Amino acid sequence: MAGPRKSAYSLGADELAAFFRERGEPAFRAKQALETLWSGRAASWDGFKTLPAALRAELAAHFADLDGTVRRVGLFEDPETGTRKPLLELADGNLVECVLIPAGDRWTVCVSSQVGCACGCAFCASGLSGCERNLESGEIAAQAVWAAREIGRRPDNVVFMGSGEPFFNYANVLAAARRLNAAPPEGLGIGARKITVSTCGVVPGIERFSREGTQFELSVSLHAPTDALRSRIMPVNDRWPIRELVAACRAHTERTGRIVTFEYTLVEGFNDSPREAAALLALLRGFPCRANLIPLNPVPEFPGRAPSPRACEAFRAALERGGLNATLRRSKGRSAEAACGQLRRRRLAEIGAGRTADGQRPKTSAAERTAPMASLE
Ligand code: SAH
């Protein structure tokens, strides 16, 4: 067969149906295969026990190995919170992270949308080596299926908050989200409102997302209430400044009726004073939205730290007093590898100083990434 075998997670339901039709198999076979594929119960084609052995062998010869789309090569577990963070290898050897976060009896799965990230937010380990490539929709969806197998059932929530900027891989992210949302046997059956796409502020992506007619949730990483401050930690702000960003968010809510969540990573002495709280309130006045505060997860390449728990709570309370609905997210595991992109980063360092998985030099140096924050030291 010419070319690499295709991942079954990237197929439309009709493509799998065609595979069976071409072999003269009845339609229910495709349904059985889809059901097993998306339930996550089988880690290999041989595990498709509802199908005859000969068909299983044909599937194995035709499509990529089922555990080859994402294969676990490392694991970080936080005993305190129960958070599990596997390092997953893709078929071409690239690495991505996915995070399984328990809360009571519910599980949230955080998936990556790109290998690395091009955005270069100063505090985020995912962007330290630039972006290697976009993930295919199947590689994104397979992370959630892998997680379903790991936790023994369908996850309750999926958030696009792993490595990568979802709106720089728009079509594949939407295709994956639709697939995770699709009712079994054609998908995982996760409610649209339980699927959140998070962007660092790619305005054209937000505008397109508003017109999809879906009920997916939108999160926007704001992190600072003024352009002067935001541009110091988020290069994307130079392209789409705060005014444009918030206008796109307002238009999203007007069009869809969905409430936008603004992510705000708290960094001591940088964006956590009453002045920033007041500026944030002024910026979002009259806009029905939420703020989600995240104490900074320390990363070695960034010279900032989280404010004390008391200071974080004071910032939250100031927002609430000003009429903004604000939650403070307890950091799920502050241990060394907990923040975005850190597990992959460490593995890359082991493979060869600062080289990416395929042996290339990082596209941007760590020094360049942290330069906007130098004055913090
Ligand atoms: N590119 C997307 C989604 C990935 S990051 C986005 O920017 O929204 C998911 C969230 O984690 C973002 O809000 C991001 O800014 C935040 N984040 C990244 N590194 C962090 C760190 N070290 N501490 C706290 N939050 C971090």
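Just so it is clear, the model here is predicted, and its values are computed rather than measured. Just follow the structure's listing: the first ligand is 1, and inside any ligand the first atom is 1.
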Notebook entry, point to check: Are any non-hydrogen side-chain atoms of L88 and E97 less than 4.5 angstrom apart?
Noted result: no

Item checked: The one among H223, M161, E301 that brings a heavy atom closest to atom 14 (C) of ligand 1 -> H223

Item checked: ligand 1 atoms in contact with E165 (distance to a heavy atom under 4.0 Å) -> 1 (N), 2 (C)

Next item on the list: Check whether any side-chain heavy atom of S231 lies under 4.5 Å from a side-chain heavy atom of T226, and answer yes or no.
Entry: no

Checklist line | Atoms in ligand 1 flagged as close to G164, the criterion being non-hydrogen separation under 4.0 Å | finding: 1 (N), 2 (C), 3 (C), 4 (C)

Check: Which part of E263 is near ligand 1, with near meaning a heavy atom under 4.0 Å away: side chain, backbone, both or neither?
Finding: side chain

Note to self: Between ligand 1 and F123, is the shortest N or O to N or O distance under 3.5 Å?
What the structure shows: yes

Checklist line | Single-linkage hydrophobic cluster, 4.5 Å side-chain cutoff, I140 and I151 together | finding: yes

Next item on the list: Examine ligand 1 and decide if any of its atoms is less than 4.0 Å from a heavy atom belonging to P298.
Entry: no

Notebook entry, point to check: What orientation do F315 and Y264 show, parallel under 30°, tilted 30 to 60°, or perpendicular over 60°?
Noted result: parallel

Check: Against heavy atoms of S221, which atoms of ligand 1 measure under 4.0 Å?
Finding: 6 (C), 7 (O), 8 (O), 12 (C), 13 (O), 15 (O)

Next item on the list: Flag the pair L293 / L319 as yes when at least one side-chain heavy-atom distance between them is below 4.5 Å, and no otherwise.
Entry: yes

Margin query: Tell me whether S198 has any N or O atom under 3.5 angstrom from an N or O of ligand 1.
Written below: yes

Margin query: Test of understanding: given a 4.0 Å heavy-atom threshold, classify the contact between N297 and ligand 1 as side chain, backbone, both, or neither.
Written below: both

Item checked: Proximal candidate to atom 16 (C) of ligand 1 [heavy atom criterion; set V159, T265, N292] -> T265

Checklist line | ligand 1 contact by S219, heavy-atom criterion under 4.0 angstrom | finding: no

Notebook entry, point to check: Does R250 come within less than 4.0 Å of E254, counting only side-chain N to carboxylate O?
Noted result: no

Notebook entry, point to check: With a cut-off of 4.0 Å, which atoms of ligand 1 are near a heavy atom of C124?
Noted result: 18 (C), 19 (N)

Next item on the list: Evaluate the ring planes of F209 and F167, with Trp represented by its six-membered ring, and classify them as parallel (under 30°), tilted (30 to 60°) or perpendicular (over 60°).
Entry: tilted

Notebook entry, point to check: So do the side chains of E89 and R72 get within less than 4.5 Å of each other, counting heavy atoms only?
Noted result: no

Next item on the list: Decide yes or no for L11 and F63: does some side-chain heavy atom of the first lie under 4.5 Å from some side-chain heavy atom of the second?
Entry: yes

Next item on the list: Using distance alone, determine whether V299 and ligand 1 share an N or O pair under 3.5 Å.
Entry: no

Next item on the list: Could you tell me whether the side chain of S112 and the main chain of Q114 form a donor-acceptor pair under 3.5 Å?
Entry: no

Check: Out of G162, S163, A122, C121, whose heavy atom is nearest to atom 4 (C) of ligand 1?
Finding: G162

Check: Has F160 got any heavy atom lying under 4.0 angstrom from an atom of ligand 1?
Finding: yes

Note to self: Below 4.0 Å, non-hydrogen atoms only: which portion of T199 touches ligand 1? Side chain, backbone, both or neither.
What the structure shows: backbone

